[in-house]
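Heads up: the structure comes next, in structure tokens.
Starting from 1, each residue takes its place in the sequence as its number. As the structure is a computational prediction, the values presented were derived from the model and not from experiment.
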Amino acid sequence: MEGTSEKGLWECGRKCTPPPFLLKTYMLVDDPATDDVVSWNSEGTAFVVWQPAEFARDLLPTLFKHSNFSSFVRQLNTYVRMSMNYIT
């Protein structure tokens, strides 16, 4: 890896906390009460939004300032691209 991204990742260690977006997303997915709408896949490595309309209408506004599923996906993709920069 070039630059400081790898160094920054390792220096962070236990002092860093995930961004609020990721923490809130984790809370939604990990809550057993939401499993019919969103849950972990069988391997526990990803999550599936089973009912996007309900997810946007009922769950997003509980932790986010909007109920726009497309905006949620765009923001999630931003974090996926950022994490890929650390891997490659």
Side-chain angles (χ1 to χ4, degrees):
M1 291 170 83
E2 290 186 29
T4 60
S5 60
E6 182 178 10
K7 183 177 179 183
L9 179 66
W10 294 114
E11 283 180 353
C12 182
R14 294 182 183 185
K15 294 179 184 179
C16 289
T17 58
F21 173 81
L22 296 180
L23 289 173
K24 292 175 183 181
T25 300
Y26 179 86
M27 288 171 55
L28 286 175
V29 176
D30 206 49
D31 183 353
T34 66
D35 282 354
D36 60 326
V37 177
V38 59
S39 65
W40 296 108
N41 67 357
S42 58
E43 294 82 21
T45 57
F47 66 89
V48 179
V49 178
W50 302 105
Q51 300 181 42
E54 289 81 355
F55 181 81
R57 183 188 67 226
D58 301 335
L59 298 180
L60 283 181
T62 65
L63 295 174
F64 298 99
K65 295 178 183 177
H66 65 82
S67 60
N68 188 320
F69 186 71
S70 295
S71 293
F72 174 80
V73 171
R74 267 193 307 276
Q75 192 166 3
L76 188 61
N77 284 331
T78 299
Y79 285 101
V80 170
R81 284 191 298 275
M82 286 172 52
S83 68
M84 294 306 291
N85 288 333
Y86 286 113
I87 295 170
T88 58

Could you list the donor-acceptor pairs under 3.5 angstrom formed between side-chain atoms of residues 18-33 and any protein atom two or more places apart in sequence or on another chain?
from  : atom 1 : to    : atom 2 : distance (Å)
Lys24 : NZ     : Leu63 : O      : 3.1
Thr25 : OG1    : Phe21 : O      : 2.8
Tyr26 : OH     : Asp30 : OD2    : 3.3
Asp30 : OD1    : Trp40 : NE1    : 3.0
Asp31 : OD1    : Ala33 : N      : 2.9

Apply the test side-chain contact (heavy atoms from CB on, under 4.5 Å) to residues Thr34 and Leu59: give CA-CA distance (whole Å), side-chain angles for both, the deciding distance (0.1 Å), then the verdict.
-> CA-CA 8 Å; Thr34 66; Leu59 298 180; 3.8 Å; yes
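With hydrogens and angles ignored, the 3.5 Å screen pairs no side-chain donor or acceptor of Asn41 with any backbone N or O of Phe47. A donor-acceptor pair under 3.5 Å is absent between the side-chain atoms of Thr62 and the main chain of Asp58, judged by distance alone. Within the 3.5 Å criterion, the main-chain N or O of Ser39 finds no donor-acceptor partner in the side chain of Asp35.
Phe55 and Val73 fall within the same hydrophobic cluster, defined by Ile, Leu, Val, Met, Phe, Trp and Tyr side-chain heavy atoms under 4.5 Å apart, directly or through other members.
Interatomic distance, CG of Leu76 versus CZ of Arg81, reported as 10.0 Å (0.5 Å rounding). The distance from the CD atom of Gln75 to the CZ atom of Phe64 is 6.5 Å, given to the nearest 0.5 Å.
In terms of heavy-atom proximity, Ser67 sits nearest to Ala56 at CB-O, 3.1 Å.
Looking at heavy atoms from C-beta onward, Trp50 lies out of side-chain contact with Asp36 at the 4.5 angstrom threshold.
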